[in-house]
Every structure is written in C-alpha cells, then in structure tokens.
Amino acid sequence: MAAAAAAAAGPRPEAASPQWVPPERDPAGAAAGLGDCEDAPVRPLCKPRGICSRAYFLVLMVFVHLYLGNVLALLLFVHYSNGDESSEPGPQRRAPGPGPAPNLAPLTRLEGIKVGHERKVQLVADRDHFIRTLSLKPLLFEIPGFLSAEECRLIIHLAQMKGLQRSQILPTEEYEEAMGTMQVSQLDLFQLLDQNRDGRLQLREVLAQTRLGNGRWMTPEKIQEMYSAIKADPDGDGVLSLQEFSNMDLRDFHKYMRRHKAESSELVRNSHHTWLYQGEGAHHVMRAIRQRVLRLTRLSPEIVELSEPLQVVRYGEGGHYHAHVDSGPVYPETICSHTKLVANESVPFETSCRQVPPTWGLTSTPRPGTRMTPAQPCPVGMPLGMGPGEQWAVSPWDHPQLGTCSTAPLPYSYMTVLFYLNNVTGGGETVFPVADNRTYDEMSLIQDDVDLRDTRRHCDKGNLRVKPRQGTAVFWYNYLPDGQGWVGDVDDYSLHGGCLVTRGTKWIANNWINVDPSRARQALFQQEMARLAREGGADSQPEWALDRAYRDARVEL
C-alpha cells in the first residue's frame, strides 16, 4: 500500500527527469542551432552572430589584399613612368654628347659637430691624425702633422728648383684702355655703386666695389687723394652726389692710376708662387700627398685627380694677401671654361669659375676666346717651363680638346686645402674675419676707419686667426650644400686672407678641389677625360699639360 501510494503521488523529480546536458556539449542542439545567449547565460564571451563568423574574416582579408595590391601597382606605375624623365624637359635637357653621362655620387662633406670637436682618422698606414673643428661658418678644420717636416722641405725645394713668379702683376695699358671703352653710362655705374640707394656714394660703397678692379688695394685715404687729384669732390667731404659723379671724367681716373706706380705693399696680394704637378708620373711624394688629400676629403678620385696642381706660395717679409674668397657665386647663365665644350652648351657668360685678378699669372693679357692648338698653346695659366723665352702653357683642364682660352681658366673651388710648410717668425696668420658671425653683411665689413678685409692693418680684428705651424693643414668648404648633394651658394663666411708677415718668410701650399656647379656638366667632363685617357693611353694628356722635370729629383733633407 505504501508503495502504491508513493507511486500515485508521482515520481521524484531527480529520478524522473532526464540528466541536463550543457548546450555546448550537446551535438544535437549545436546542429539545430540551439543555445542562444539568452538560453545559455554561462557563455559571457559570446558576441553577436555575424562578427564572430569565419566568413566575415575571409571577406575582410580579400578587401585588404585588393587595396594593398592597388596601392603597390600605382607606385610601380609612377616609378617606371618618371624614372627616365629629366627634371628639365624639352630644350633644357642635356645636349647630345659622346654617350650617357654617368650618375655622380653626392659630394661628401664632413660634419663640424661643434667648435673644438676632434675625431681620429687614418690617412697614412703608420699613424693616426686628428681633425679639429675650428668653425662652423665656414665649415673649417685643422689637422696637425698632415705633412712631415721632410715633406715640407721637399715641397719648398721643388718649388725653388721650378722657379717662382709674382702672384700678382698690374693690368697692362691695353687692359685699362679696354675697360675705359666699356659702354656703361655714368648713371648706370652710379646706381651700381650706390648700394643703399640714397643717391650718395659713401667711401665704403666705393671701397667695396673697386678694390679688385685693377689690382691695387684701395683705402679711404687713397680714394680721397684720388678725388682731390681729379677734382671729383669739390666740397671735400668724401661723399659724391649723382651730380658730382656725372661731372667726373672716368678717363681722368685711369690716367691718375697709370701715373701713380703701385708699390708691392699696395697690391691685393704680395707674394710669389709656382705650381707642382701631382698627376701620374709626378714625384712620389707629390703623388702621396694627393692620395692623402683624397682620403681626407672622401671625394671621388676623378674629382680630386682632375683638380688643380699644388700651388706653392712664398710670402717674404712684408708679404700679405687681403681677404678674399677662393671661388665665386654660382649663376645659372654662367658656365665654367673647363667644362664648356664637353657640355655642348652656349651661354651668355663664360667665366674662369674662381675669382682671381684679370691678369693672374700672365705676362700679357690674352684675348678671351683665343683658339688653342697643341703646337701653339695660349699664353694662359701656369708656366710649365723655366727661364725666359720658354713657352707658357694652359692648365690641363683647359686644353685644346676641351676648351678655349680665358684669362684665368680655373674651375669652381669646392674645397680649399692649405698646408703650412714652415714656422713663421712673426705674423703670417690666416685670418677669417667673419668666421661664426651670427649674420653676414658685406657693407658691415667696412666701418669708419676699420676695414676687416685689410690684412696689413686690421688682421688682429678678425674673428679667427690660424697661426702657421709646419706640417699643419687647414681645409674648408667654399660653398654651402644645395640640399641634393651638390654645390649650392657660395659661403660668404669663407672670406679669408693672409696676415702681414712681420718677420721672416712664410711658405704655404694650396690644393683647390674643383667641381662644376652643374652636376651634368661635371659628369660629362669626367666622362670625356676618361675617354681621352682610354684612347690616348700613356700620351692621353698633352705634353704641355705635364711637368715631368723633377719626377726623379733626389733632395738631401
């Protein structure tokens, strides 16, 4: 009865109901799509159905790949479409030449870091050298012990054997007459000199423009003396109005200059110099120095080897070189004489590409554009022979195959490397008047009675002076970078000069590293020189361009 009553009351829940199975473990429920979030609170990580699906990720990845593929295809199209185009299309593209010009590597340029910074370099096998930063404007460095005492004495001895000539001679009468016939009106000349446009010519405005005109160094006293002699300044205040300037006869100026013979102390430069060949076949010490400069500058061998020979300069007691820059500004309408013909270009102005007096190194003034022949080279450039009556020769970069005569066929000087060959007893420092100035203003170089460019009287007022020490080298960059690895604007802070030698003699040497401001012209020039070397073999350079006289010289040191 008890059992029947229990049966009638109904089964116990835990016994009668089937065992509960979690939805995730129930294959039937999973197959039927059961187990939604509201029915399964134990699955807190569950998210809305479409985002968690595998199909969503497949679609997303397909779209990402398509997008990236389109971007890459567009980049490749732009690259291959513009890769061979010149930045100057049409008639400005390079004229046809002997072949496609090689792509030149960017010009290397050492970092100054800060004034006083030193770095160790190995320029020769058996010792280390230290490069010290002297200034950042210009980028100027010093290397003690770059040359040994024996090398310095050898260079001096070779220069003496070669023979030195005056570094500057005054223009001939023919040159002055040609200058006098220039078709420039008085008004145009006045406006050129009147830099501040106040209608009055101050003494410093005249000084800034005329000091290099005829090789004489003009001082305020000299200008006032000339004004008085030619009666150009009736009131004697040292200032010329437009009316006073218009009344002046420029021929009287040239007559006055011819009547007054300039002393050596009145020249822009008072020194003697010669050139020593450093190319293939030169004295082994000269070759070694050139290779050392190559390692120092880190420029390409082609640029260094095609640069000027070594210039050796002697300043006697009283010698000086007033402040100047070693190269001139870059103008798009101007071309260097040394790369003119290889570029097959015609431009309004052809320049020597480095600022030198108009009769630099010449016994007479040649006519610009005179054609050259190997048998009768132009009387331009360095004398490669010795003694009177020997023929003058043009420099290697302006030879008959590549160019025409100019009054000073020198390219742009990208860098200057200067060597001190002896210790100077008194004076003779190299001065950088505006080194590391905050700003540069040419007119501020001349204030009252102080002309910072005058290295005879005001060398002590320059910002930086380097004392000559035997074997020490200093080098600096004459141009700013253009942002694309080539030559930019001239660095005005590279203004420098040789202070007055008060006691003894000063010997220095210069290596100018020449680069054409046009990258394309420089490439064509190097390519043409390489072609001439390949075709000519040992005789690729004409005999007049070489100096083998002292190749095997033996000097007791």
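Any value given below was found using the heavy atoms of this structure, including those in side chains, with hydrogens, waters and symmetry copies removed.
A donor-acceptor pair under 3.5 Å links the side-chain atoms of Tyr277 to the main chain of Glu280, judged by distance alone. The main-chain N or O of Glu302 is never found under 3.5 Å from a side-chain atom of Glu305 such that the two would form a donor-acceptor pair. The backbone N or O of Val124 sits nowhere less than 3.5 Å from a side-chain atom of Arg292 that would complete a donor-acceptor pair. Of the possible polar contacts, none joining the Thr416 side chain to the Trp512 backbone as a donor-acceptor pair under 3.5 Å is found. In terms of modelled atom types and a separation under 3.5 Å, the side chain of Asn423 and the main chain of Gln470 share a donor-acceptor contact. At least one donor-acceptor pair closer than 3.5 Å links the side chain of Arg287 to the backbone N or O of Gln278. The main-chain N or O of Glu225 is never found under 3.5 Å from a side-chain atom of Ser228 such that the two would form a donor-acceptor pair. Looking only at distances, no side-chain donor or acceptor of His157 sits under 3.5 Å from a matching main-chain atom of Ile155. The backbone N or O of Gly318 sits less than 3.5 Å from a side-chain atom of Arg456, completing a donor-acceptor pair.
More than 12 non-hydrogen atoms from other residues, nucleotides or ligands lie less than 6.0 angstrom from CZ of Arg295.
Applying the disulfide (SG to SG under 2.5 Å) test to every pair with at least one member in residues 430-464, sequence neighbours left out, gives these pairs: Cys459-Cys499. Contacts classified as side chain to side chain donor-acceptor pair (under 3.5 Å) and involving residues 127-138 (residues at least two apart or in different chains) are not found. Among residue pairs with one or both ends in residues 463-477, none qualify as salt bridge (charged side-chain N to carboxylate O under 4.0 Å, His left out); sequence neighbours excluded. Within the structure, side chain to side chain donor-acceptor pair (under 3.5 Å) contacts touching residues 425-441 (residues at least two apart or in different chains) are Tyr420-Thr430, Asn437-Asn463.
Residue Ser494 comes nearest to Val325 through the heavy atom pair OG-CG1, 3.8 Å, listed as atom of the first residue, atom of the second, then distance. For Phe146 against Ala473, the heavy-atom pair with the smallest separation is CB-CB, 3.7 Å. Contact detail for Arg109 and Pro481: the closest heavy-atom pair is CZ-CD, 3.6 Å. Here the closest heavy-atom approach between residue Val312 and residue Ala159 is recorded as CG1-CB, 3.7 Å. Closest non-hydrogen pair, Leu147 versus Cys152, comes out as CB-SG, 3.8 Å. Across every non-hydrogen atom of Pro220 and Leu203, the tightest pair is CB-CD1, 4.3 Å.
Rounding to the nearest 0.5 Å gives a distance of 11.0 Å between CE of Met415 and CD1 of Ile303. Put simply, CG on Leu139 and CG on Asp491 are 8.5 Å apart, with the number rounded to the nearest 0.5 Å. Rounded to the nearest 0.5 angstrom, Asp451 CG and Lys461 NZ are separated by 11.0 Å. Distance CG/Leu201 to CG/Leu192: 10.0 Å, rounded to 0.5 Å. Between the NZ atom of Lys114 and the NE2 atom of His117 there is a distance of 8.5 Å, given to the nearest 0.5 Å. Note that CZ of Arg457 is 5.5 Å distant from OG1 of Thr219, once rounded to the nearest 0.5 Å.
Under the ring pair (Phe, Tyr, Trp, His ring centres under 6.0 Å) criterion, Tyr256 pairs with His260, not counting sequence neighbours. Listed by chain and number, the residues in a side-chain contact (heavy atoms from CB on, under 4.5 Å) with Gln202 are Asp198, Arg200, Arg204, Glu205, Val239 (sequence neighbours excluded). For Trp486, the side-chain hydrogen bond (donor to acceptor under 3.5 Å, both in side chains) criterion is met by no residue, not counting sequence neighbours. Scanning for ring pair (Phe, Tyr, Trp, His ring centres under 6.0 Å) contacts around His322 gives Trp217, His320, with sequence neighbours left out. Residues forming a side-chain hydrogen bond (donor to acceptor under 3.5 Å, both in side chains) with Gln122 (at least two apart in sequence, or on another chain): none. Taking the side-chain contact (heavy atoms from CB on, under 4.5 Å) definition, one finds that Asp233 meets it with Tyr227, Asp235, Asp237, Leu240, Glu244, sequence neighbours left out. The ring pair (Phe, Tyr, Trp, His ring centres under 6.0 Å) check on Tyr477 picks up Tyr414, with sequence neighbours excluded. Listed by chain and number, the residues in a ring pair (Phe, Tyr, Trp, His ring centres under 6.0 Å) with Tyr315 amount to none (sequence neighbours excluded).
Here the side chains of Ile446 and Leu452 are not in contact, with every heavy-atom distance at 4.5 Å or above. No side-chain heavy atom of Phe419 sits under 4.5 Å from any side-chain heavy atom of Val474. Counting heavy atoms from C-beta outward, Gln160 and Trp507 have side chains that approach closer than 4.5 Å. Residues Leu421 and Lys506 fail the side-chain proximity criterion, which asks for heavy atoms closer than 4.5 Å. Using a 4.5 Å cut-off on side-chain heavy atoms (C-beta onward), Ile113 and Leu136 make no contact. Between Leu110 and Phe475, some side-chain heavy-atom pair lies under the 4.5 Å cut-off. You'll find the side chain of Val434 stays beyond 4.5 Å of the side chain of Leu464, heavy atoms only. In this structure, the side chains of Arg314 and Thr505 come closer than 4.5 Å at one or more pairs of heavy atoms.
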Could you go through the side chain to side chain contact (heavy atoms under 4.5 Å, CB included) check for Glu142 and Ile131 one step at a time?
CA-CA 6 Å; Glu142 180 184 51; Ile131 301 179; over 6 Å; no
For the pair Arg216 and Val268, evaluate side chain to side chain contact (heavy atoms under 4.5 Å, CB included) and give the outcome as yes or no after the intermediate values.
CA-CA 6 Å; Arg216 292 175 173 86; Val268 173; over 6 Å; no
Go through the steps to decide whether Val304 and Thr297 satisfy the test side chain to side chain contact (heavy atoms under 4.5 Å, CB included), and finish with yes or no.
CA-CA 9 Å; Val304 175; Thr297 61; 4.0 Å; yes
Start with the C-alpha gap between Val515 and Leu107, add the side-chain angles, then the distance that decides, and say whether side chain to side chain contact (heavy atoms under 4.5 Å, CB included) holds.
CA-CA 9 Å; Val515 178; Leu107 296 173; 4.1 Å; yes
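Under 3.5 Å, the side chains of Asn478 and Ser327 contain no donor-acceptor pair of N or O atoms. Of the N and O atoms on the side chains of Asn514 and Glu308, at least one donor lies less than 3.5 Å from an acceptor on the other residue. Side-chain atoms of Glu263 and Ser265 form no donor-acceptor pair, as typed in the model, at a separation below 3.5 Å. Under the 3.5 Å distance criterion, with hydrogens and angles disregarded, a donor-acceptor pair is assigned to the side chains of Ser167 and Ser271. Residues Gln522 and Asp516 have side chains that never bring a donor and an acceptor to within less than 3.5 angstrom of each other.
For the pairing with Val313, the side chain to side chain contact (heavy atoms under 4.5 Å, CB included) check across Thr274, Leu418, Asn510, Leu164 returns one residue only, Asn510.
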